[in-house]
Structures are given as structure tokens and as C-alpha cells.
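What follows is a short report on a single structure.
By convention in this document, chain letters (A, B, ...) are assigned in the order of the sequence lines, proteins followed by strands, and residues within each chain are numbered from 1. Computed from a prediction, not measured in an experiment: that's the story for all the values here.
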Amino acid sequence: MRSSLVRGMRDILPPASARWREVEKTVLGVLVGHGYQEIRLPLIEGTELFQRGVGEATDLVEKEMYSLKDRKGKDLSLRPEGTAGCVRACIDGGLLRGRTPRLWYQGSMFRYERPQKGRSREFSQIGAEAFGLPGPELDFELVAMLAQAFAELGLGPFLRLEINSIGSAQDRERYRAALVSYLKPLVEELDGDSRRRLDTNPLRILDSKAESTQRALAHAPRLEDFLNETAEGHFAAVRRMLDSAGIEYRVNRRLVRGLDYYNDTVFEWVTDELGAQAQVCGGGRYDGLVALLGGSSTPAAGFGIGLDRVVLLHEQCVARDYAEVDVQCVVVGEEHLTRALAVADELRRRTGLRVLAPAAGAGVGSQLRRADRSGALWAVIVGGDEVESGRISLKWLRERKEQTALTVDEAASLLASSGDGGC
RNA sequence: GUGGAUGUAGCUCAGCAGGUAGAGCCCCGGAUUGUGGAUCCGGCUGUCGUGGGUUCGAGCCCCAUCAUCCACCCCA
């Protein structure tokens, strides 16, 4: 019996992997350019980290975690998101003492959900988290980096930024009470999920898609009326900065996050191109989380980018041909294989290009056909004529140029001035 | 977790009152014995998702199962 891929997992094969590389490189370039440093985190954490950090009542913790017991019975979980683990690591590593680290990480997250396009059980995120900065300029910085990254990827026209402020925990507590007492008499009109949430997580009712629920919410109290002055001022400042930077956004007063740790500014990037899996990025401020997880009270904010969805969108919206190599070395006659290998090696070292070694045993025609298909820009031919004259033949595969005989040295400097080595 | 659709070659798909599998693309070779892309010629490729059942006979019918997709849900 042939073994098969586990449900909800996915392989990323070439050439799709090249696209992943490009997306990752672009996003990370922006983060690094803003002074964010890499932090590497474990895939497994104690289950209670997520229960406390993300929130007991969230769907994520309630029913989507890959949880297991190790051999001594300790409760562990594969990370379903990155923020809690990052905060834990910062506390453990003493990173927050008198410093304001800006960090990025990338890697797999795991959630046990029904798989769909854009939603697999293992998925990849790039996350950024910044600590110790209470001001609105951090919220702005995070959003601005995302706007830049998405623009560089050519995805600007397909994405929309939505932002909101959900105030402090106290604000939400007061609002929650008001919302519940407003909805209680209307219970009959709510959909099943929303009814359950009335007790567990009433704010999530706000972004229910059920029509009857949205009707029932028509005259509900509004969260923005419950925000304290500081939260109002903070949100206004963030918006001013976005305005003056020319970053477009929509204030969505119904936007609430599914994870409990957020406060004040929250945001999402959404697209209409991916069906139901519309959200490609989400984030916000979480000033209370560090203290909640046992560190000293530290303001913080961050985001997570759903890379699978961004890559999917990129695939749909940005045409690309990813070449496998830059130069294909072609050998004519097996007796010249050693020479050809040496040429390939020298070109590799001198140019930094991707140079594919020659395949002995195949005819010149088929070697060139493969070179053509691989997307290589050049073929370098080594055979009897070349060995005799002490040169190689350089052939342009994508341009109308005459094939020329050059010394390896000349070829190397010519090639070095073009191309960037692929990845 | 709920509801629905779909699984045939590497890819896109055809196949029919149930009679034992086909096309295009791809790939390989040749025309052109040291030159790719176009054209022409030839060739290779299948547990018909898996297991069971009905039948003389199942890709097609029935049951189960697995996977994918869509919506719900959930989030990134």
C-alpha cells in the first residue's frame, strides 16, 4: 500500500516553492529593513500557555489544537499561533528587561480544522511582535510594513485593510454586559453559534455572517461608545498617521479578533479573491499579554501573516516564470566530461549564478532541450572544438544573440554582470 | 464539527442501458550522428481513490471508507 499525505498537511513542490521563497524574501526584507530581528521558537509548548494566553473560550483552544501527552503525562500542544510562544520566550530569555525588542519569526502553525483551499492543518506564518512601545507609532509601523510588503509583492490592488479599536479589557467588559443585556431578549433571532457565544464570547457575535443575527444587531449598543478617552485618542492618532502616509484603510466597527489577548488597535488584511478564506493577515495590540503570562507589564503589538494564503493570492494575481537554473552546462562527448565539470565549477564560483552540471550520455539536442525547459538564460557548451581552442561556447537561450566562443575567464565576467543567482 | 459536490495517465479531461480505457498537453526518440524553442513522424505512461457487495461481466449500480473542493464554522 502506497503511503499517503496526512489529511490537512501539504507538500510544497517546485516550482511553487520558488514562489514561496520570493514571497518570504520580500516580506522579510521589509521587516529586517525596519530593524526586526529573527527569533526562532519551538513548535511545541505546554498546552496551558495557549489556554492562558490565547483564551480558554476561543474556538482555537477549545477545539482546534493538536494536543498530546508526552511520556511523563505532560500536556503539550503544537503551536496554533505564534504570539503566545514568542511572549513566553521573551520573558524566559529576559529580552524585555529595559529593552524594546522588535522580532520576527516564521514557521508552521497547526490547527485541527476541516481542510479547505487556503486552510490546511499545518500552515505557515510570518509573524512580527514588538515590545515595550505603548505609542500609536508602533501600531502604525506594523501596518505600514505590511502595506509596503504587500505593495512590493504586487498584491496591493487585491487586498483591503480593515482596522478598529476594541479598547481596554475594562471597556470591553462594560460593553459586553451591555451587549448581552441587549441581545438576551432577542435570543430567538440569533443563529445557533451566536446563541452559544452569548455566554462564552459575546463580542464574536458582532462579526457573525448570519443574516438574522446581523438584523438583531441593528440597534445594538456600539463598542465605540464604550471606549475610554485614552483608547479613543490612541486610535485617532493611528488613523492620522495612516492618513498622512497615504495608506488606505476602512474602519470596521464590527471587527473583533478571535483571540482574547488583543486590546485597542486591531487590524486585518482581507481579499475577495480567495473565497471564504478571505483573511490573509491579522494583528493588533496586546498590552496585557506579557503580564498575563507572568512577565512584568509590558505594552506590545504584532501581527501574523498567513503565508499559504498570500502565496495563493500571489499565484492567482502575479504571473511568474521561475527558472530552475541560470546556466546549463552542456558536454559533447563523454571524454570531455571532466573539463566540463571544471568549467561549471569555475563559473559557479566566479558568478554566483546557478550553474547546472552537465549530463553525460545525453545528446547535445536533448541537453539543450532540457536547458530550454529549465528556464536557463544561457547554455555553456564544452566539446572537442572547445577543448582544442581552450575556450567554451556561450549560447544565449532567451535572446537573439550569436553564440560566441570565449575563454572561461571572459565568460565568467560576462555572466557575473547579469543575474542575481536565483534565490 | 455540519451540509453539499467530486475522485479515470504526471496535468486537464472524455468514456456509458453495466461488455473489460481514450484524447490533448507533458515526457522520450527520430527527421537534423555538435545545437533548444516551430513543424512532422513514431513511442512510453493507468492499483479507473481504497475495500467490499450485486452481476456471466463493474470506471459506470449499491454500501463503506479515504482524500480533495465548495459553503457553514474558524482564523492567518
Return yes if the base of [N] and the side-chain atoms of [X] contain a donor-acceptor N/O pair under 3.5 Å, otherwise no.
{"X": "A:E113", "N": "B:A76", "answer": "yes"}
{"X": "A:R369", "N": "B:G29", "answer": "no"}
{"X": "A:E386", "N": "B:G34", "answer": "yes"}
{"X": "A:R119", "N": "B:C73", "answer": "yes"}
{"X": "A:Q367", "N": "B:U35", "answer": "no"}
{"X": "A:D372", "N": "B:G36", "answer": "yes"}

Using the [atom1] atom as the reference point in each nucleotide, state the distance between [N] and [M] in Å, no decimals.
{"N": "B:G37", "M": "B:G46", "atom1": "C1'", "answer": "31 Å"}
{"N": "B:A31", "M": "B:U35", "atom1": "C1'", "answer": "15 Å"}
{"N": "B:G7", "M": "B:U47", "atom1": "C1'", "answer": "15 Å"}
{"N": "B:G43", "M": "B:G59", "atom1": "C1'", "answer": "26 Å"}
{"N": "B:G22", "M": "B:G34", "atom1": "C1'", "answer": "40 Å"}
{"N": "B:C69", "M": "B:C26", "atom1": "C1'", "answer": "25 Å"}
{"N": "B:C60", "M": "B:A14", "atom1": "C1'", "answer": "14 Å"}
{"N": "B:G19", "M": "B:A58", "atom1": "C1'", "answer": "10 Å"}

Base, sugar-phosphate or nothing for [X]? Non-hydrogen atoms, less than 4.0 Å.
{"X": "A:V332", "value": "base"}
{"X": "A:D308", "value": "nothing"}
{"X": "A:E268", "value": "nothing"}

Margin query: Under 4.0 Å, heavy atom to any atom of RNA chain B: which of residues 136-157 of chain A qualify?
Written below: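 Residues of residues 136-157 of chain A under 4.0 Å from RNA chain B: none.
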Notebook entry, point to check: Got a sec? Which of residues 333-344 of chain A come in under 4.0 Å of RNA chain B, heavy atoms?
Noted result: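 Heavy-atom contacts with RNA chain B come from no residue of residues 333-344 of chain A; none.
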Check: Should A:L217 and A:L183 be marked as a side-chain contact (heavy atoms from CB on, under 4.5 Å) after you check the CA-CA gap, both sets of side-chain angles, and the distance that decides it?
Finding: CA-CA 8 Å; A:L217 285 168; A:L183 285 174; 4.1 Å; yes
Nucleotide nearest [X] (side chain, heavy atoms from C-beta), chosen from [options]:
{"X": "A:V364", "options": "B:U68, B:U35, B:A76", "value": "B:U35"}
{"X": "A:Q116", "options": "B:C73, B:A76, B:G36", "value": "B:C73"}
{"X": "A:A276", "options": "B:C73, B:G34, B:U68", "value": "B:C73"}
{"X": "A:L259", "options": "B:A76, B:C70, B:G29", "value": "B:A76"}

Would you call [X]-[Y] a salt bridge at under 4.0 Å N-O?
{"X": "A:R239", "Y": "A:D243", "result": "no"}
{"X": "A:D308", "Y": "A:R119", "result": "no"}
{"X": "A:E141", "Y": "A:R102", "result": "yes"}
{"X": "A:E113", "Y": "A:R121", "result": "no"}

Margin query: Can you tell me how far apart CG (A:L179) and CG (A:L198) are? Round to the nearest 0.5 Å.
Written below: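 A:L179 atom CG to A:L198 atom CG measures 7.5 Å (nearest 0.5 Å).
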Check: Which distance, rounded to the nearest 0.5 Å, do you find between the CG of A:L190 and the OG1 of A:T213?
Finding: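 One finds 5.0 Å between CG of A:L190 and OG1 of A:T213.
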Margin query: For A:V61, is there any backbone N or O sitting under 3.5 Å from a side-chain donor or acceptor partner on A:E56?
Written below: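 Checking the backbone N and O of A:V61 against the side chain of A:E56, no donor-acceptor pair under 3.5 Å is found.
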Notebook entry, point to check: Do any pairs count as a salt bridge (charged side-chain N to carboxylate O under 4.0 Å, His left out) and have a residue in residues 260-274 of chain A, sequence neighbours left out, and if so which ones?
Noted result: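 Those involving residues 260-274 of chain A are A:R160-A:D272, A:R257-A:E268.
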Next item on the list: With sequence neighbours excluded, give me every salt bridge (charged side-chain N to carboxylate O under 4.0 Å, His left out) pair touching residues 360-383 of chain A.
Entry: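 Every pair satisfying salt bridge (charged side-chain N to carboxylate O under 4.0 Å, His left out) with a residue in residues 360-383 of chain A: A:D372-A:R398.
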Margin query: A side-chain contact here means heavy atoms from C-beta on lying under 4.5 Å apart; do A:I247 and A:L161 qualify?
Written below: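 A side-chain contact exists here, since the closest heavy-atom pair is under 4.5 Å.
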Next item on the list: Fill in the dot-bracket string of RNA chain B, one character per base: . for unpaired, | for a pair to another strand, ( ) or [ ] for pairs within the strand, taking Watson-Crick or G-U pairs under 3.5 Å.
Entry: (((((((..((((.....[..)))).(((((.......))))).....(((((..]....))))))))))))....
Checklist line | Those residues that, when tested against A:E137, pass side-chain contact (heavy atoms from CB on, under 4.5 Å) (two or more places apart) | finding: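 Result, side-chain contact (heavy atoms from CB on, under 4.5 Å) vs A:E137: A:M241.
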Check: Is the NZ or CZ atom of A:R222 positioned over A:F226's six-membered ring, under 6.0 angstrom from the centre and within 45° of the axis?
Finding: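 Ring-cation test returns no.
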So does [X] get a side-chain nitrogen or oxygen closer than 4.0 Å to the phosphate oxygens (OP1/OP2) of [N]?
{"X": "A:R114", "N": "B:C73", "answer": "no"}
{"X": "A:K209", "N": "B:C73", "answer": "yes"}
{"X": "A:R373", "N": "B:C28", "answer": "yes"}
{"X": "A:Q125", "N": "B:A76", "answer": "no"}
{"X": "A:R398", "N": "B:G37", "answer": "no"}

